[in-house]
Amino acid sequence: MSLYRIRNFIITAVLVVLAFVLQTTVFSRIHFLGYAPNLLLVLTFIYGYSDSRIVGMLIGFFSGLLMDVFFCDVIGYHALVFLLIGFVSGIWNSLFYSDDLYIPLLLLVLSDLFYHAVCFVVWYVLKARFELGYYLIRVMLPEFLLTFIAGLLLYKPVSALIYKLKEVPEQ
Amino acid sequence: MPNFKKRPSQKIHINKESFDLSSGKFKEHFGDIKNSKTARYIRRRTEQHAKDRAASERYTEFSRMAKQKPKLRDADAPKTLQEKGTETVSKVVKYVKGHKKPRDERAVRHINPKHLLWILAAVCLILIILSGVNEKIRRPFMDAASVIVVPVQKGVNSIGLWLSDKLEAQKTLEALEQENQDLKNQVESLNMSLTMLHQKELELERLQELFKIQDQYSAYDMVAAHVISKDSGKWFSTFTIDKGTNDGITRDMNVLASGGLVGIVIETGPGFSTVRSIIDDESFVSAQFEDTSELCMLNGSLTLMEQNLLEFRDVSADVMISMNSALLTSHVSSRYLPGLLIGYVVDYQLDANDLTQSGHIKPVVDFADLQEVLIITKTKQTSD
């Protein structure tokens, strides 16, 4: 493994931990919001979309594991959902021209919708509870908006960083 | 004697002369080559070659024009296209000769993304099943998280606490004087009630002596902890605290704050623990009314979380419920210690079946603003 790959690995790992800490410790402390943008999902999406399916999957898997270890009784649930999001965003990479900002944001919202839909089905529909209207407005919508804003702010710098990291330095 | 020898597979010899680069087609028929990898590769490359050929034709056209108008010579795009064209041809020839794929320049090579997807998905499913069966599977993950993430969280959290302390210090003198006055008044009234309580305590001791009751729940050992992170979404109401197995915390320990029940420890790592609050949708607490000792079931719900309320159910219809009566954890609960204050009744009604009553209680704890909690270092199982 060459030196620049180790550097890329460390930078990516630091980004994931930073996103997790921001999401769970800093943003959830801001009382008047009460909601936090799903930064790990944003990061997974951008990596999958700007790099490749493999990188998207790996980032999704590990950030999902982080969520599971801290907040979920079932280990592997978030990991599986984020893994799929990373994979699919990697597929989209080859379907769309990636320098445009509108399409990635739309796809990011779709990914977030997928995450919430899975949460809703797994934790509520299976328990025969269907208060979808309430969940849609009070649970999903605020987080949607925040995740969208986070994507808007983060997409350009993070994807620029990813392209920068992908450059192989001249020997 | 029949010939059992396997028929030799048809060998295909392809070299530079086998296909016509200018027409993009094979010169001769090669049998069932249509779907082989080689054939697909060559087909793709010959298509590319055709495109490149068109481009180089455009280039010659361009250069012819450029001779007439020398300024156009600066444009370099057609030149690289021609180079690309020759490169493609040489790559095809190299591939056909040596059956070697060109070097892959991606970050992670030699892995098929689909294979990785299946492997990781299988790992996830196995983890989901195992974590349902055996709790020990969490241990390595918790250990890793304690080393990597928790120190960062603690650092960020202490910065946040320091900042809020600084903000607190910015209060005006007037507000502080007002607060001081209020506090003095409060001390007065507290002193009053303290003397009354002291008398009652003496009476209690006397009565306990009389009835030979051992008050086993009067004093619990407690550990204080900071809340270091909260689940950001609204689907779960779990949070993590900065004390773990190193501080003697174990699963199923009860968590208190501002005199009331907050929740229960569901997972522990070396440096942190996860607490599920009683307003979480998954939470169930067996409770009893303080005045009537009637048992009921308390559960959190996502729709009530916002209003900081809990729901109680299954109280039989002939029980008198009074507003503002307190609910405590019951003695029949398997995980919660008995006698911990949960909250006060805010409303109740008879259910449609005319047999049970249900209603809502307001917890004494403000879940929106939890900073410090107390953990009782005693679990129900060991106290039995």
Side-chain angles (χ1 to χ4, degrees), chain A residues 5 8 13 17-18 20-29 31 34-39 51-55 57-58 60-61 64-77 79-80 83-84 87 90 115-116 119-120 123-124 127 129 131 134-135 138-140 142-143 165-166 168, chain B residues 105-108 111-114 116-117 120-121 123-132 135 137-138 141-142 144-145 148-150 152-157 159-160 164 227-236 238-240 266-267 269 272 274 276 281-282 301-303 305-306 368-369 371:
Chain A
R5 288 217 170 116
N8 291 1
V17 172
L18 201 70
F20 178 74
V21 171
L22 270 181
Q23 179 181 338
T24 60
T25 304
V26 180
F27 282 113
S28 53
R29 263 292 149 77
H31 182 52
Y35 299 89
N38 204 335
L39 289 179
D51 203 309
S52 64
R53 282 177 289 183
I54 290 185
V55 178
M57 277 194 288
L58 288 174
F61 181 72
L65 269 186
L66 265 182
M67 291 294 284
D68 286 329
V69 167
F70 279 92
F71 302 113
C72 199
D73 351 352
V74 188
I75 284 209
Y77 161 70
L80 188 59
L83 174 75
L84 290 175
F87 183 75
Y115 168 68
H116 284 292
C119 275
F120 177 63
W123 301 101
Y124 291 88
K127 283 195 281 177
R129 294 170 52 182
E131 295 133 316
Y134 181 88
Y135 298 138
R138 304 311 289 268
V139 181
M140 299 182 189
E143 214 188 291
L165 292 183
K166 269 170 89 173
V168 181
Chain B
E105 305 282 333
R106 280 174 305 179
V108 186
I111 305 174
N112 186 336
K114 279 178 194 159
L116 187 68
L117 175 71
L120 288 181
V123 169
C124 289
L125 285 176
I126 290 169
L127 282 176
I128 289 173
I129 293 165
L130 281 182
S131 64
E135 284 298 329
I137 199 75
R138 292 186 83 94
F141 294 106
M142 300 293 247
I148 301 165
V149 185
V150 174
V152 185
Q153 283 181 323
K154 279 182 185 169
V156 171
N157 195 49
I159 293 171
S164 64
V227 177
I228 51 171
S229 69
K230 254 156 83 174
D231 188 12
S232 60
K234 284 268 162 173
W235 295 106
F236 313 101
T238 50
F239 57 89
T240 50
I266 51 170
E267 299 300 339
F272 74 105
T274 307
R276 172 182 289 131
D281 210 274
E282 304 263 305
S301 143
L302 192 61
T303 45
M305 211 184 268
E306 194 107 327
D369 193 25
Q371 304 240 322

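Here is the naming used below: chain letters follow the sequence lines, and residue numbers restart at 1 for every chain.
- We find the CZ-OG distance between F71(A) and S229(B) to be 3.5 Å, quoted to the nearest 0.5 Å.
- Shown here for R138(B) and D68(A), the closest heavy-atom pair between the two residues is NH2-O, 3.2 Å.
- For L125(B), the part lying under 4.5 angstrom from a heavy atom of chain A is the side chain only.
- The line from CG of L83(A) to CG of L116(B) is 7.5 Å long, rounded to the nearest 0.5 Å.
- Between chain A and the options L127(B), T274(B), T240(B), L120(B), the largest number of non-hydrogen pairs under 4.5 Å is found for L120(B).
- Only the backbone of F239(B) comes within contact range of chain A, with heavy atoms under 4.5 Å apart.
- In plain terms, the two heavy atoms of I75(A) and F141(B) that are nearest each other are CD1-CD1, 3.7 Å.
- Distance CD1/I54(A) to CG/L117(B): 10.5 Å, rounded to 0.5 Å.
- With a threshold of 4.5 angstrom between heavy atoms, V17(A) approaches chain B through side-chain atoms but not through N, CA, C or O.
- Heavy atoms closer than 4.5 Å to chain B are found nowhere in N8(A), neither backbone nor side chain.
- Most heavy-atom pairs under 4.5 Å with chain B, from the set L18(A), V69(A), V21(A): that is V69(A).
- P113(B) and M57(A) get closest at one heavy-atom pair: O-CE, 3.2 Å.
- In this structure, the portion of L65(A) lying under 4.5 Å from any heavy atom of chain B is its side chain and not its backbone.
- If you measure heavy-atom distances from L66(A) to chain B, the contacts under 4.5 Å come from the side chain alone.
- Heavy-atom distances place both the backbone and the side chain of F70(A) under 4.5 Å from chain B.
- The minimum heavy-atom distance between C124(B) and G76(A), with the atom names listed, is CB-O, 3.8 Å.
- T25(A) contributes a side-chain N or O that, together with a main-chain N or O of I228(B), makes up a donor-acceptor pair within less than 3.5 Å.
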